[in-house]
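Below is one structure; the comments refer to it alone.
Ligands are counted one by one from 1 in listed order, and the atoms in each one are counted from 1 as well.
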Amino acid sequence: MRKLKNIMVTGGSGFVGTNFIRYIFDKTDFDGIIVNVDKLTYAGNPHNLIDIEKKFGTKRYFFKKVDICDYKNINKIFKQYNVDTIVHFAAESHVDRSIFGPRDFIETNIIGTFNLLELTREFWAGKEDVLFHHISTDEVYGSLGKNGYFSETTPYNPNSPYSASKASSDHLVRAYFQTYGIPVTLSNCSNNYGPYQFPEKLIPLMMLNMLEEKPLPVYGDGKNIRDWLFVDDHISAVWTILNKGKAGETYNIGGENEWENIKLVNVLCEKMALLTGKEKDYYKKLIEFVKDRPGHDRRYAINCDKIKNEIGWKQSVSFDEGLERTVQWYLINKLWAANIKNGSYRKWIDVNYNKRNISLQ
Ligand code: NAD
Ligand code: TYD
């Protein structure tokens with residue numbers, strides 16, 4: 001078991017990063033510090049961690065509003081907190097946005113990752129008790145036909161600017177292990193769902209549209225397949241890799257839970273109907289087939305035997321339970337979604353973070 005002390009989490013105010021930080025403080029025996037470095041793009045919401053900041057702030061949790069492309073400031077933070085572990089979530093993460101505007105994806109996902117790697121080269125040369133863990137996606141492998149699964153040895157074949165930028169960052173991370181001997185691990189995960197997911201992704205978008213009785217836009221014929229994993233299971237896999245993963249190795253993480261989009265949307269409609277007291281098919285009338293996404297990958301499916309057999313991880317939340325918990329979370333936290341939809345979360349960030357010049361504290 002690795003001893004983790006001073007963890008720099010990048011992108012900790014986004015969906016998976018938020019769940020990661022909450023999990024570490026709530027569900028593990030980690031007793032070190034976490035520095036969350038996040039630029040607070042549209043997808044970053046530090047309000048997600050306000051209770052953690054209150055409970056652990058000034059001693060064990062620190063937030064820095066900094067862009068990972070800003071080498072000078074991340075260098076300063078790295079030194080200040082004597083970082084021994086980087087868990088790198090920060091990214092532009094939405095495929096549709098990457099189609100309409102790829103530049104930010106290239107900058108954050110490639111140049112940002114390169115900057116973090118350069119830090120490790122500067123501060124970690126010759127050190128063994130350090131680790132750079134890179135969070136990536138199964139989308140780097142491209143698209144599957146009806147059969148087969150992505151494994152760690154599947155050749156990269158990315159199809160969107162998002163997946164191409166993530167693929168590029170994966171290659172850089174591997175290269176720093178091979179060339180400079182920096183201890184790195186990588187994980188490529190399938191589609192996550194759960195609390196705090198920005199309502200541009202399929203599951204939260206559909207749920208919030210149902211609540212507003214707006215159309216549910218299903219791309220193309222709705223038969224594209226994704227392998228869904230509850231976010232806490234992604235986090236527990238990352239935690240297992242941080243503690244037991246072998247330097248230089250990639251681990252695939254998946255739900256072993258494939259769903260055609262249209263079938264998933266139907267199930268989600270039924271769950272929502274059940275939990276809002278409507279009749280079973282109530283929300284299904286909102287489903288609309290719309291123009292397909294360009295370059296839309298047909299099927300993703302992960303073989304995660306390696307992480308299961310070599311370091312002992314497995315999924316613990318069934319799809320039925322995970323969906324129920326997710327729908328319930330969005331129903332209880334209607335204000336969270338409303339603040340995103342009406343933009344007031346940006347005003348809150350401006351008052352509480354931007355004006356306090358958090359990055360220099
Ligand atoms: P997200 O879009 O919800 O959050 C991304 C976070 O990164 C935000 O807080 C944002 O402010 C921050 N960020 C963006 N650019 C930054 C920059 N230049 N400097 C500092 N911070 C910056 O994304 P997510 O869904 O939480 O995904 C997190 C990671 O997990 C990504 O690397 C993504 O590729 C990977 N991943 C996500 C999924 C999924 O289904 N969500 C699946 C597999 C892998
Ligand atoms: P998404 O949540 O954007 O994740 P990714 O593209 O990274 O897999 O989309 C999941 C699937 O749902 C994908 O096949 C595209 C489809 N989709 C829709 O059909 N309608 C939508 O409004 C969205 C956002 C996605």
Side-chain angles (χ1 to χ4, degrees), residues 9-20 36-46 48-49 64-70 73-74 87-99 104-105 107-113 115-116 134-140 143 159-160 162-163 165-166 169-170 187-194 196-206 209 215-231 234-235 238 252-255 259-262 264-265 287-293 295-300 302 349 359:
V9 173
T10 70
S13 304
F15 163 51
V16 190
T18 288
N19 281 288
F20 176 80
N36 173 11
V37 177
D38 196 302
K39 179 184 174 183
L40 301 184
T41 66
Y42 77 94
N45 187 352
N48 295 348
L49 292 164
K64 301 285 171 184
K65 182 181 178 298
V66 170
D67 186 336
I68 56 168
C69 298
D70 172 359
N73 269 316
I74 50 171
V87 187
H88 178 31
F89 293 101
E92 287 294 336
S93 68
H94 189 37
V95 173
D96 293 327
R97 282 182 193 257
S98 84
I99 294 167
D104 287 348
F105 289 72
E107 280 167 3
T108 289
N109 300 0
I110 305 179
I111 308 293
T113 302
N115 265 336
L116 294 168
H134 180 61
I135 310 287
S136 193
T137 165
D138 58 357
E139 304 190 25
V140 297
S143 186
N159 291 316
S160 71
Y162 165 64
S163 53
S165 66
K166 291 298 289 187
S169 64
D170 292 11
S187 52
N188 294 79
C189 188
S190 65
N191 288 63
N192 288 206
Y193 67 99
Y196 302 102
Q197 187 164 30
F198 198 84
E200 62 188 352
K201 306 281 165 56
L202 180 72
I203 289 183
L205 180 123
M206 293 294 169
N209 282 13
L216 309 177
V218 174
Y219 299 163
D221 63 3
K223 294 199 166 130
N224 301 66
I225 292 175
R226 297 292 181 265
D227 172 3
W228 293 94
L229 181 71
F230 189 63
V231 64
H234 183 186
I235 304 303
V238 170
N252 279 358
I253 306 166
W259 284 82
E260 274 183 3
N261 291 336
I262 185 62
L264 186 150
V265 172
I287 294 174
E288 269 182 21
F289 289 91
V290 299
K291 191 168 174 287
D292 207 357
R293 172 190 278 173
H296 194 176
D297 287 335
R298 194 65 173 166
R299 174 172 169 255
Y300 302 146
I302 284 268
I349 289 171
S359 65

Using the side chain to side chain donor-acceptor pair (under 3.5 Å) rule, take Asp170 and Asn188 through it: C-alpha gap first, then chi angles, then the decisive distance, then the call.
CA-CA 9 Å; Asp170 292 11; Asn188 294 79; 3.1 Å; yes

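- Inter-residue side-chain proximity for Phe289 and Ile262 is flagged as met; some heavy-atom pair is nearer than 4.5 Å.
- With hydrogens left out, the protein atom closest to atom 25 (O) of ligand 1 is Phe15 CD2, 3.6 Å, a heavy atom.
- Checked by atom type, the side-chain pair Arg97/Tyr42 shows a donor-acceptor distance below 3.5 Å.
- Between Asn224 and Ser143 the shortest side-chain heavy-atom distance does not fall below 4.5 Å.
- From the protein, the heavy atom lying nearest to atom 10 (C) of ligand 1 is Thr41 OG1, 3.3 Å.
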Audit row: Ile203, Trp228, side chain to side chain contact (heavy atoms under 4.5 Å, CB included) steps and yes/no:
CA-CA 10 Å; Ile203 289 183; Trp228 293 94; 3.9 Å; yes

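- At least one donor-acceptor pair under 3.5 Å links the side chain of Asn36 to the backbone N or O of Gly12.
- For the pair Ser13 and ligand 1, a heavy-atom separation below 4.0 Å is found.
- Contact check for Leu229 versus Ile302: no side-chain heavy atoms found under the 4.5 Å cut-off.
- Of all atoms in ligand 1, numbered sequentially from 1 with element shown, those under 4.0 Å from a heavy atom of Val66 are 19 (N), 20 (C).
- Each of the following atoms of ligand 1 lies closer than 4.0 Å to a heavy atom of Gly44: 8 (C), 9 (O), 11 (O).
- The option from Tyr162, Phe89, Tyr300 that lies nearest to atom 34 (O) of ligand 1, judged by heavy atoms, is Tyr162.
- Annotation: atom 32 (O) of ligand 1 to nearest protein heavy atom, Lys166 NZ, 2.6 Å.
- In this structure, Gly12 does not count as a contact residue of ligand 1, since none of its heavy atoms falls inside 4.0 Å of the ligand.
- Under 4.0 angstrom from ligand 1, there are no non-hydrogen atoms of Asp104.
- Those atoms of ligand 2 with a heavy atom of Pro217 less than 4.0 angstrom away are 18 (C), 19 (O), 20 (N), 21 (C), 22 (O).
- Nearest non-hydrogen protein atom to atom 24 (P) of ligand 1 is Val16 CG2, 3.8 Å.
- For atom 4 (O) of ligand 1, the closest heavy atom belonging to the protein is Gly14 CA, 3.4 Å.
- Checking side-chain atoms of Asn192 against main-chain N and O of Ser190 turns up a donor-acceptor pair under 3.5 Å.
- With a 4.0 Å heavy-atom cut-off, ligand 2 is reached by the side chain of Asn261 but not by its N, CA, C or O.
- Where the criterion is an N or O separation shorter than 3.5 Å, residue side chain and backbone included, Arg226 meets it with respect to ligand 2.
- Using a 4.5 Å heavy-atom cutoff, the side chains of Tyr193 and Leu264 are not in contact.
- At distances below 3.5 Å, not a single donor-acceptor pair connects side-chain atoms of Asp70 with backbone N or O atoms of Asp67.
- Using a 4.5 Å cut-off on side-chain heavy atoms (C-beta onward), Asn252 and Asp138 make no contact.
- Heavy-atom contacts of Glu200 reach the following atoms of ligand 2: 24 (C) (cutoff under 4.0 Å).
- Per-residue contacts place Leu205 under 4.0 angstrom from the following atoms of ligand 2 (heavy atoms of the residue considered): 22 (O).
- Here is the list of ligand 2 atoms found below 4.0 Å of a heavy atom in His296: 13 (C), 14 (O), 15 (C).
- Heavy-atom proximity to Leu40, at under 4.0 Å, picks out these atoms of ligand 1: 11 (O).
- Considering backbone and side-chain N/O of Thr108, one or more are found under 3.5 Å from N/O of ligand 1.
- Of the candidates Asp38, Asn19, Asn191, the one placing a heavy atom closest to atom 9 (O) of ligand 1 is Asp38.
- Looking at Ile68 next to ligand 1, an N or O pair under 3.5 Å apart turns up.
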Could you go through the side chain to side chain contact (heavy atoms under 4.5 Å, CB included) check for Tyr162 and Thr137 one step at a time?
CA-CA 10 Å; Tyr162 165 64; Thr137 165; 3.7 Å; yes

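- Considering only non-hydrogen protein atoms, atom 20 (C) of ligand 1 sits nearest to Lys39 N, 3.1 Å.
- Taking 4.5 Å as the limit, some side-chain heavy atom of Arg226 sits within range of a side-chain heavy atom of Asn261.
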Pair Tyr219-Asp96, side chain to side chain contact (heavy atoms under 4.5 Å, CB included): steps then yes or no
CA-CA 11 Å; Tyr219 299 163; Asp96 293 327; 2.8 Å; yes

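- Atoms of ligand 1 lying under 4.0 Å from at least one heavy atom of Asp67, given by number and element, are 17 (C), 18 (N), 19 (N).
- Under a 4.0 Å heavy-atom criterion, Thr10 is not in contact with ligand 1.
- Going from atom CD1 of Ile99 over to atom NE2 of His296 covers 9.0 Å, rounded to the nearest 0.5 Å.
- Each of the following atoms of ligand 2 lies closer than 4.0 Å to a heavy atom of Val218: 19 (O).
- No N or O atom of Val95 sits closer than 3.5 Å to an N or O atom of ligand 2.
- Heavy-atom proximity to atom 2 (O) of ligand 1, evaluated over Ser163, Cys189, Ser169, Ser93, is greatest for Ser93.
- For the pair Asn115 (side chain) and Cys69 (backbone), a donor-acceptor distance under 3.5 Å is present.
- Protein heavy atom in closest approach to atom 40 (O) of ligand 1: Asn192 N, 2.8 Å.
- Under the 4.5 Å side-chain criterion, counting only non-hydrogen atoms from C-beta, Ile135 is not in contact with Cys189.
- From the protein, the heavy atom lying nearest to atom 2 (O) of ligand 2 is Leu202 N, 2.9 Å.
- Proximity of Glu139 to Val95: side-chain heavy atoms (C-beta onward) are separated by under 4.5 Å at one or more points.
- Below 30°, between 30° and 60°, or above 60°: for His134 and His88 the angle between ring planes is between 30° and 60°, a tilted geometry.
- Numbered from 1 in the order shown, with element, the atoms of ligand 1 that lie under 4.0 Å from a heavy atom of Ser190 read 42 (C), 43 (C).
- Below 3.5 Å of separation, one finds an N or O of Glu139 facing an N or O of ligand 2.
- By the criterion of a heavy-atom distance under 4.0 Å, the side chain of Asn191, and not its backbone, is placed next to ligand 2.
- The distance criterion of under 3.5 Å between nitrogen or oxygen atoms is met by Tyr219 with respect to ligand 2.
- For atom 44 (C) of ligand 1, the closest heavy atom belonging to the protein is Ser136 O, 3.1 Å.
- Nearest to atom 6 (O) of ligand 2 among the protein's heavy atoms is Arg293 NH1, 2.5 Å.
- Between the CG atom in Asn73 and the CD1 atom in Ile68 there is a gap of 13.5 Å [rounded to 0.5 Å].
- Note on ligand 1: Val231 sits outside its first shell, no heavy atom being nearer than 4.0 Å.
- Defined by atom type and a distance below 3.5 Å, a donor-acceptor pair is missing between the side-chain atoms of Ser13 and Lys65.
- Remark: ligand 2 atoms within the under-4.0 Å shell around heavy atoms of His94 are 3 (O).
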